[in-house]
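For reference, the structure discussed in these notes is given below.
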2 protein chains.
Amino acid sequence: MRTVPSHTAVKLSAAAELFAEHGVEQTKMEDIAAATGIPKATLYYYFAGKEEILAFLFRDALNRVADEVAIAVESEGSAAARLAEVIRAQLRVMAEQPAVCRALVGELGRAGRIPEIAAMIHAAYYEPVQALLEDGVADGSLRQLSDPGSVAMAVFGAVTISALSYLVTDQALDQERLASAVTTLVLDGLRPR
Amino acid sequence: MRTVPSHTAVKLSAAAELFAEHGVEQTKMEDIAAATGIPKATLYYYFAGKEEILAFLFRDALNRVADEVAIAVESEGSAAARLAEVIRAQLRVMAEQPAVCRALVGELGRAGRIPEIAAMIHAAYYEPVQALLEDGVADGSLRQLSDPGSVAMAVFGAVTISALSYLVTDQALDQERLASAVTTLVLDGLRPR
DNA sequence: GAGGACGTTGGACTGAGAGTCTAAACCGAG
DNA sequence: CTCGGTTTAGACTCTCAGTCCAACGTCCTC
């Protein structure tokens, strides 16, 4: 895959719209060409096919998540507060890029077949969050966990699926409300104190 | 879609394998015919196309989840204990049907385009769990929540994505370990008590 | 046991669309 | 101006989804 010039890259977000709306299978290269304004021949000049366009969009969106998560992880405050910030950050990115996120999550099952994507989710989310969970043990703001890896994945899932449920049903995503529901669940649990 | 005879239905699980492994798009009807032993003409006799085969597999898997969840919800014990049982039930079904679950979650983004599936997840999971959350408030085993709907989705996501992460990376899914990690997260939260 | 209804199948066919290829324009740097 | 990479139109091939139909099997009914 050749380096994609930025003026071309920006146009591609229209393709995410198509993927999210109709699914990858139902989206024709001609449709992508029409929606982005990039001629078919040019698309094939840069990408081997739809899959690679999809992978490109994923990489972009995941970079965004990685950046926001990194900022949240490295911010001030207790580990618990920073974890809350991570949740908020993920919701923010998802709200900003609903189409890409719908397409991304729609293809999550393919993560296994696109090892690069799986590795990116790992590096962008699981690793920093897992480190954060360990920080929390150190600063006393989070409990000791026997399996921080699984917990990091569960937190990611809680945020992702609940946000996605709103996005795919076309309900407006009330970030603040969802953030507070998920944060309370994750930090305080469902059992009364 | 005609009623699918059971001797045909059982063979279709081989198709789930293909969908999970290569994705729907990359799976040819001929491949499905070869893998299931059902001739192409017969497949088209019963289903309008791949999508309908997929929907059929989903319906089947979701019925299983719905059954197991219903049993867990209606079991004895506090709402908190029953919620833990729901989590265990979902992990059990996912471990039993890894291929269908990978395909199902891989196509979750399409839920919006397959309203029937979205409705089934709602009826099979969100509604009973939400009712359970309300039971918990009544019996005092769970806290009062401002947004039980979002919390039900978040719990579903926590279980689904963490289990999927194991399934797509081909790591063995240690149900007991994951169940305990997720249950602790959901019931007790991450903040030390 | 003749005949009909329906399930089942092989195999040929059609059309859509993915992906390829070529040659021509374009454009910036030296 | 010229060389090299970029961009594009358009024509081409080939795979595959989906259709169609005739033939065959099986069971039921009269």
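So that the names make sense, note that chain A is the first sequence line, chain B the second, and so on, each numbered from 1. Note that the structure is a prediction, hence the values are computed from the model and not measured. All values below were derived from every heavy atom in this structure, side-chain atoms included, with hydrogens, water molecules and symmetry-related copies excluded.
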*Pick the nucleotide of DNA chain D nearest each of B:M29 and A:H7; which residue has the one closer to the 5' end?*
A:H7
*Give one of base, sugar-phosphate or nothing for A:T27, where a contact means two heavy atoms less than 4.0 Å apart.*
sugar-phosphate
*Report the C-alpha distance between A:R88 and A:E176 in whole Å, list the side-chain angles of each, state the deciding distance to 0.1 Å, and finish with yes or no for salt bridge (Lys or Arg N to Asp or Glu O under 4.0 Å).*
CA-CA 8 Å; A:R88 230 168 274 276; A:E176 213 31 66; 2.6 Å; yes
For the residue pair [X] and [Y], what are the closest heavy atoms and their distance?
X	Y	answer
A:R191	B:R143	O-NH2, 3.6 Å
B:P192	A:G140	CG-O, 3.4 Å
A:H22	A:T27	CB-OG1, 4.1 Å

Taking atom [atom2] of [N] as reference, at what distance in whole Å does atom [atom1] of [X] sit?
X	N	atom1	atom2	result
B:F47	D:dT19	CZ	P	15 Å
A:Q26	D:dC16	CD	P	17 Å
A:K28	D:dA17	NZ	P	16 Å
B:E30	D:dT15	CD	P	12 Å
A:K50	C:dT20	NZ	P	14 Å
B:E52	D:dG18	CD	P	10 Å

*Can we say A:R59 and A:E52 salt-bridge, meaning some charged N sits less than 4.0 Å from an Asp/Glu carboxylate O?*
no
*Under-4.0 Å salt bridge between B:E25 and A:K50*: yes
*Specify the residues of residues 32-44 of chain A, ordered by number, for which at least one heavy atom lies under 4.0 angstrom from an atom of DNA chain D.*
A:P39, A:A41, A:T42
_So if I take every side-chain heavy atom of A:Y45 and compare against D:dA17, C:dA18, D:dG5, which nucleotide ends up nearest?_
D:dG5
